[in-house]
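Chain identifiers are assigned alphabetically (A, B, ...) following the order of the sequence lines, protein sequences preceding nucleic acid strands; residue numbering begins at 1 within each chain.
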Amino acid sequence: MSDSAENTKNPLQIEIFPSRILSPQTAQKLLAEIYQIDGILRVMVQGHRLPTKVGFGPGTGEKVEHPQRKAIEVEGQVIELKVNVGRLRLEVADAEVKEKVRKACEKVFPFPFEFREGHFLKRKATVTDYAKLGPNADPKLLGMVDPKAGNYKNLIFIDNKKGKNPNEEE
Amino acid sequence: MVYNPQYYPGATSVAANRRKHISGDLEKLREISDEDLTAILGHRAPGSDYPSTHPPLAEMGEPECSIREIVEPTPGAKAGDRVRYVQFADSMYNAPATPYFRSYFAANNFRGVDPGTLSGRQIVEARERDMEECAKVQMETEISCPALSGMRGATVHGHSVRLQEDGVMFDMLDRRRLENGTIIMDKDQVAIPLDRKVDLGKPMSEEEAAKRTTIYRVDNVPFRGDEEVVEWVHRVFDQRTTYGFQPL
């Protein structure tokens with residue numbers, strides 16, 4: 001892999017950090033826009049947990065029916081949001097896709113947002129990854145969940161033909 | 001010559017608001033009934049008597065003590081109320097108060113209160129009716145904005161979280177929310193559901209919150225823009241380093 005700035009054909013990782021935490025409607029709108037773009041390889045949604053029950057204090061066990069905890073639809077697949085979306089980390093095929101994602105954000109957000117390129121999702125397996133996933137782990141699984149928590153069930157696979165890296169050879 | 005206490009230095013709106021909070025010279029912005037306040041505090045049923053932890057002081061036959069003669073007990077202490085708490089979280093996005101200024105407010109304006117200051121929350125412990133009096137002032141005046149401040153006894157987090165799209169501070173336990181332009185609270189401060197919806201009032205607009213805040217922020221009134229405050233903060237730090245802080 002070349003580190004040259006001229007090389008725009010390697011996968012990139014980007015982080016979207018809006019200035020407000022997103023309502024489920026806006027999150028759905030943004031994800032729908034993102035999944036319209038060719039070359040989205042991985043998407044990680046992060047935010048504050050929305051519990052179903054009070055976990056601490058005299059009210060422990062009481063139900064919390066948080067209005068932000070709703071089901072959203074992405075590419076025809078219904079997903080129950082367990083977090084209040086505050087940050088998205090994406091792996092995209094190249095710099096062109098990155099710019100398309102930026103445009104999608106500009107279209108959806110009525111407020112300012114930070115948009116940065118960096119290294120947010122693991123590219124190499126750690127010892128823990130190796131122990132949990134074995135030697136032939138799918139590199140796309142790396143960094144998507146905490147390997148020590150081991151809950152790969154939290155991963156949602158969205159069937160998106162456009163997600164294929166156009167720079168990859170058949 | 002009449003002595004006017006000088007509560008806080010500075011020429012900016014933030015410094016003026018800090019002076020207001022400490023002095024207790026506050027503008028009342030909304031009305032919350034005693035019953036509603038009791039409900040959201042969650043320590044006793046609204047309308048019920050104050051449970052007591054000891055008999056009223058008048059019946060107890062106190063020992064002879066010059067200090068007890070000088071110091072008039074607070075109404076809560078006189079009646080033998082339990083010690084109970086109220087706790088607030090304030091958003092760092094231009095909430096009117098900060099934990100320190102809530103503590104200065106309580107300690108300067110009420111007797112028999114025990115304010116506790118933490119990074120993102122502030123608690124006042126006192127005899128129940130004394131605490132309620134202090135809580136009511138905080139809820140009704142410019143110290144609180146219903147959207148940017150919250151009464152939270154447990155799972156207090158929200159202070160440093162970005163605001164929701166509707167401009168309300170995030171509450172993981174959904175104690176209060178924006179409904180038809182006002183903030184409604186239908187759970188008490190520890191998230192036990194109530195049988196009523198308490199109207200906490202209209203949230204402040206972004207401009208009003210920026211005007212009423214006691215928080216210096218680079219995107220509003222920057223701390224470095226308030227020369228007198230910077231000078232005094234430097235002086236306090238300097239003297240504390242040199243001698244140990246001895247303000248008197």
(message) Please find the pair of heavy atoms, one from B:I192 and one from A:P58, that lie closest to each other, and give the distance.
(response) CD1-O, 4.1 Å
(request) For side-chain contact (heavy atoms from CB on, under 4.5 Å), just list the numbers for A:R69 and B:D174, CA-CA rounded to whole Å, side-chain angles, deciding distance to a tenth of an Å, and then say yes or no. (result) CA-CA 11 Å; A:R69 193 183 165 111; B:D174 184 40; over 6 Å; no
(request) Considering non-hydrogen atoms only, spot the tightest contact between B:E165 and A:F111 and give its length. (result) CG-CE2, 3.7 Å
(request) Check A:P51 against B:M172 and note the closest heavy-atom contact, atom names and distance. (result) CD-CG, 3.3 Å
(message) I'd like to know whether CD of B:E227 has more than 12 heavy-atom contacts from other residues, nucleotides or ligands below 6.0 angstrom.
(response) no
(message) For B:Y100, I'd like to know if atom OH has over 12 heavy atoms of other residues, nucleotides or ligands within 6.0 Å.
(response) no
(request) Compare all side-chain heavy atoms of A:I21 with those of B:L163 and state whether any distance is below 4.5 angstrom. (result) no
(request) Answer yes or no: does atom CG of B:D49 have more than 12 heavy-atom neighbours from other residues, nucleotides or ligands under 6.0 Å? (result) no
(message) Tell me whether B:E206 at atom CD has more than 12 heavy atoms from other residues, nucleotides or ligands lying less than 6.0 Å away.
(response) no
(message) Quick check: do A:H48 and B:H157 have side-chain heavy atoms less than 4.5 Å from each other?
(response) yes
(request) With a 4.5 angstrom heavy-atom cut-off, could you sort out which part of A:Q68 is near chain B: side chain, backbone, both or neither? (result) side chain
(request) Heavy atoms only: give me the nearest A:G57-B:A154 pair and the separation to one decimal. (result) CA-CB, 4.3 Å
(message) Can you confirm whether A:R116 is buried at CZ, in the sense that more than 12 heavy atoms of other residues, nucleotides or ligands lie under 6.0 Å from that atom?
(response) yes
(message) Can you confirm whether the side chains of B:Q164 and A:S23 place a donor and an acceptor under 3.5 Å from each other?
(response) no
(message) Rounded at 0.5 Å granularity, tell me how far CG in B:D171 sits from CG in A:N84.
(response) 11.0 Å
(message) Surrounding CD of A:E106 (heavy atoms of other residues, nucleotides or ligands, distance under 6.0 Å), is the total greater than 12?
(response) yes
(request) Evaluate side-chain contact (heavy atoms from CB on, under 4.5 Å) for B:V156 paired with A:F56, printing each intermediate quantity in order. (result) CA-CA 10 Å; B:V156 189; A:F56 182 76; over 6 Å; no
(message) Would you say that more than 12 heavy atoms from the other residues, nucleotides or ligands in this model lie under 6.0 Å from the NZ of A:K82, or not?
(response) no
(message) Within the 4.5 Å heavy-atom criterion, are B:L173 and A:E62 side-chain neighbours or not?
(response) no
(request) Inspect the surroundings of NZ in B:K136 and state if more than 12 heavy atoms from other residues, nucleotides or ligands are less than 6.0 Å away. (result) yes
(message) Using heavy-atom distances under 4.5 Å, tell me whether A:P110 contacts chain B through its side chain, its backbone, both, or neither.
(response) neither
(request) Measure the CZ-CZ distance between B:F170 and A:R20 for me, rounded to the nearest 0.5 Å. (result) 14.5 Å
(request) Answer with side chain, backbone, both or neither: which region of A:S19 has an atom nearer than 4.5 Å to a non-hydrogen atom of chain B? (result) backbone
(request) Report yes or no: is the cationic atom of B:R162 (NZ for Lys, CZ for Arg) closer than 6.0 Å to the six-membered ring centre of A:F17, at no more than 45° off its axis? (result) yes
